[in-house]
Amino acid sequence: MIRFEDVAVTYDGAAGPTVRGVDFEVPEGELVLLVGPSGVGKSTILNAVSGLVPHFTGGTLRGRVTVAGRDTRTHKPRELADVVGTVGQDPLAHFVTDTVEDELAYGMESLGLAPEVMRRRVEETLDLLGLADLRDRSIGTLSGGQRQRVAIGSVLTPHPRVLVLDEPTSALDPAAAEEVLAVLQRLVHDLGTTVLMAEHRLERVVQYADQVVLLPAPGAPPVLGAPADMMAVSPVIPPVVELGRLAGWSPLPLTVRDARRRAGPLRESLAGAVPESPGLPQVTAVPSRRRFRRSSPAEPRVAEVRDLAVRRGRVDALRGVDLTVGPGETVALMGRNGAGKSTLLGSLVGLVAPTSGSVLAGGAAPHRLRPAELVRRVGLVPQEPRDLLYADTVGAECVAADKDADAAPGTCRALVSELLPGITDDTHPRDLSEGQRLALALAVVLTARPPLLLLDEPTRGLDYAAKARLVAVLRGLAAEGHALVLATHDVELAAEIAHRVVLLADGEVIADGATADIVVSSPSFAPQVTKILAPQPWLTVSEVRKALA
Amino acid sequence: MPDTGVRAARTTVPVRSRTRFELHPGAWWLWSLGLGTAATRTTNPLLLALLTAVAGHVVAVHRSSAPWARSYTAFAKLAVAVLLIRLAFTAVLGSPVPGTHVLFTLPEIPLPAWAQGIRLGGPVSAEALLFSGYNGLKLAALLVCVGAANALASPAKLLKSLPGALYEAGVAVVVALTFAPHLIADVQRLRAARRLRGRPDRGLRGLFQVGLPVLEGALERSVALAAAMDARGYGRTAEVPAPVRRTTTALTLGGLLGVCAGTYGLLTAEGGVYGMPVLLAGALAALAGLRLGGRRSPRTRYRPAPWGVRAWLVAGSGAAVAALLALASVRDPGALHPGVVPLAAPALPLWPAAAILLGLLPVLVVPQDRKEPS
């Protein structure tokens, strides 16, 4: 269905080809997953299928890409629109109209389908994706998962034979991701659609793949193979595979269910061992019920939220939220898209004023502080780290950060060198990868040495290696006594570094306790290792590795 | 395009009917333009109030839950602001209307000799206030009518009814319309982010410093949108035989030339005879060219709102209100433009008032938006 014949893509001004030696075929009706570290050219390969590379992006494409027999050299993207449906990383950038129903019809209108066909397919797609109740809604009011489903639906209505998806679940909470993947599964099984997708969060998708295309390193030719074989050699692997490699299971399990079947001996050898928590023993030793914590006023608190309510328009974004964070403690805020995580972070940093209740960060109400005082008490790395970066070069950014924070010259640069070794002063922040940009924003925020550090979705778009580096950096900061609060959908990250997990739903705190207690009891927030080794309380592969050593 | 698979799987799915009847957006715009035209024909506050009430009632009955429906409130607020500003200016700067009933006297600021003829402060008469109030009310009623059109059918919907040849230009306008709200959201987000860097998040300097990143972001979004639209088939063209293509060009160019020549003829003294026919012929040729040009675009419309009896009735009721008020302003100018000197309470002329009530026809003929069963 999709055929790459010795394809190499070189962008204008680039020193060498971004991808080369791409030579594989995706058979009809299969779900093929594109796997590899950041920056190996996954998006380039995906966009070559729809013809956006090279027709839209420029650059030179050598070799030949054919989709359903059409050569992308002679067919422009618009002429492939009836066979290929493409959804990029950001669904919002994809929408042309303003309501769900019109958006679903847009692609068919462009192709000139008959009105009765369009009418029927819109209704079918609304039902297939569970969007019937949202048909008249404005797209701006939808949640992340709903937007992703509408974006998929909008390319589905012209009945393309190929669906190309770039990171369809990265921005979604675990439940919404399941929803989207269930839809894809149904398309492949019921309609015989061919799906090619790239995704960093392998733990969510690898079990659905029929085949995996592995891009091992930049410039290396991709390999196509069965998922288990590819996972055995892949540099990026989900926790279930990592545990399988650690335990020496062969063939490697890809699903929690397969792994559980083989985990009997491992559970036995782990019996009696206790997971060694990576964090601060003195913090985790404190009883996690808030009532006890409040009664010990001697304990210092970096952040204290009491009975906080935030109203936005007619919506209660937060209601009756209580939260205390001590020094050196790492707290993960979890919950659905739109549960109020970002609002809570925003009120801790003074971007959102409380409607009632109180917020104290470092003993002062953050929304009343002057910005220069604020940065010394609390720092936030926003969901889009680029929002924090204004300068043209990394060097200029560091000088500005030192000035903003009133720190000694060179403070920020030293932090950048520590977090991002090998980045020169004259690099433009836009040329950095997602993970590098996050590290730069983190360095800028850390220049003021805030005792409280907040991160909003820090692992979005990061591969496992970048995530591992981030985890090491955050652990180091926590050990130095920084209090960390992360809003995240990434259960594996929370399991890895958080001492406490706070679950939010509809603007209310529904659970607050030690990570092990909270995630083990929740089916959607439990990390893979926990699911495999239950009822034993293991959270991460590194804990298991330490116990076995 | 093969459609098997799906058809077999879901012939049993009941096709749900739309929860609301949608009137052609052009009908709503004609109706409200008719009401607006009527508003410009009178300064009688009673008639204007009646007109505003009619427009407001129809909006209250027929507006949907769509985002643009909320714009009515914004227009109503704007109308009130216009009225108040008008009154305030009259009070401060004075008015040419001679008035004997002085309500209050503002302290007058003496101005130098070169500013003769301008007055700041001084006595404020009831006549002057009333006169500017009447005129302000006329403007406010006009704004309310435009707001009603916006609330009942968004301008974007209206653009969808353009002929096929102009469709792509229409999409460009729609995309531009959604661009502004995105830009404002970006500015707000980036100004907030300045606070995180320890820089002041208020003031003009802050606004300037986020300017570049905001424009960069907007540009990137436009490029991403253009890529998405291309990949979804925007701008696909159909093969058109060469004779048709040439005829289209000839008709369009000839038509536009005809329109120019006709207009020139109408405006000059000696062209009075041939002006009108040439103008009409040119317009017809241009329209035919547009229609033929639409063949190049293979686009179809998803559920276009039909122009039926209801659309005729709604548009007709607006036109009738405009025509009757225009007639009334000629036949009975005194009642439609009540004098303020000497002071007198305006009377409600009966048959113009009845004419305005014709504008309520949409309430009767257009089925109401049923609330969705939950």
Side-chain angles (χ1 to χ4, degrees), chain A residues 50-52 56 76-79 81-82 84 86 88 90 93-94 96-99 102 105-115 117-120 122-124 127 132 136 138 140 154-155 158-159 190-192 349-351 371-372 374-375 379-380 382 387-388 390 401 404-405 444-445 448, chain B residues 1-3 5-7 9-10 13 15-16 19-20 64-68 154 156 171 174-175 178 181 189-190 192-201 209-210 212-213 216-217 220-221 223-236 238 297-304 372 374:
Chain A
S50 58
L52 287 174
F56 203 86
K76 285 186 186 155
R78 65 188 73 152
E79 287 149 11
D82 53 334
V84 184
T86 313
D90 180 11
H94 169 99
V96 184
T97 63
D98 47 8
T99 62
D102 290 342
Y106 178 81
M108 294 188 291
E109 287 184 326
S110 302
L111 298 179
L113 297 187
V117 177
M118 289 201 271
R119 184 67 208 274
R120 198 181 65 236
V122 165
E123 300 296 334
E124 285 166 3
D127 285 334
D136 289 329
S138 152
S154 71
V155 298
H159 283 193
D190 293 357
L191 307 185
V349 81
L351 294 179
L374 178 83
V375 291
L380 169 71
D387 289 356
L388 276 191
Y390 304 109
D404 289 338
V444 164
V445 168
Chain B
M1 153 115 241
D3 197 23
V6 185
R7 197 188 301 146
R10 28 190 76 256
V13 172
V15 174
R16 305 202 327 176
T19 47
R20 76 188 128 86
S64 62
S65 55
W68 59 80
S154 81
V171 169
V174 172
V175 169
T178 57
R189 206 185 69 236
L190 283 168
R194 282 177 57 77
R195 190 178 161 80
L196 305 174
R197 284 289 297 257
R199 302 180 190 183
D201 54 346
Q209 283 189 352
V210 298
L212 200 62
E216 259 178 31
E220 270 170 32
R221 199 167 30 236
V223 171
L225 179 64
M229 283 170 68
D230 202 4
R232 289 171 72 186
Y234 175 76
R236 271 165 83 105
S297 153
R299 293 191 61 83
T300 45
R301 298 270 159 67
Y302 174 70
R303 302 177 78 182
E372 278 185 51
S374 51

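These numbers come from the heavy atoms of this one structure, side chains and all, not from hydrogens, waters or symmetry mates. Residue numbers begin at 1 in each chain, while the letters A, B, ... track the order of the sequences.
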Interatomic distance, CG@A:Leu111 vs CZ@B:Arg236, rounded to 0.5 Å, equals 5.0 Å
The interface call for A:Val349 against chain B, heavy-atom contacts under 4.5 Å, is both
Practice problem: Ignoring hydrogens and angles, tell me if any N or O in the side chain of A:Glu123 forms a donor-acceptor pair with the backbone of A:Arg120 under 3.5 Å. | Solution: no
When the 4.5 angstrom heavy-atom criterion is applied to A:Ala401 and chain B, the contacting part is both
task: Answer whether the closest heavy-atom distance between the side chains of A:Pro371 and B:Arg195 falls below 4.5 Å.
output: yes
Comparing B:Ala228, B:Ala226, B:Gly233 against chain A, the one with the most heavy-atom pairs below 4.5 Å turns out to be B:Gly233
Applying salt bridge (charged side-chain N to carboxylate O under 4.0 Å, His left out) to B:Glu220 and not counting sequence neighbours gives A:Arg386
Answer key: most heavy-atom pairs under 4.5 Å with chain B among A:Leu374, A:Val155, A:Thr86, A:Val84 is A:Leu374
>> Counting C-beta onward and ignoring hydrogens, is there a side-chain heavy-atom pair between B:Tyr302 and A:Tyr106 closer than 4.5 Å?
In response: no
If you tally heavy-atom pairs under 4.5 Å between each of A:Gly51, A:Ala405, A:Gly350, A:Pro382 and chain B, the highest tally belongs to A:Gly350
*asked:* Checking the side chain of A:Ser138 only, and the main-chain atoms of A:Thr99 only, is there a donor and an acceptor separated by less than 3.5 Å?
replied: no
Whatever's closer than 4.5 Å to a heavy atom in chain A on B:Arg189 counts as side chain
Residue from B:Gly217, B:Ala231, B:Pro213 scoring the most non-hydrogen pairs under 4.5 Å with chain A is B:Ala231
Ranking A:Ser110, A:Ala114, A:Ala81, A:Ser154 by heavy-atom pairs under 4.5 Å to chain B gives rank one to A:Ser110
If one checks every heavy atom of A:Leu52 against chain B at 4.5 Å, the contacting part turns out to be side chain
For A:Arg78, the side-chain hydrogen bond (donor to acceptor under 3.5 Å, both in side chains) test, sequence neighbours excluded, returns B:Asp230
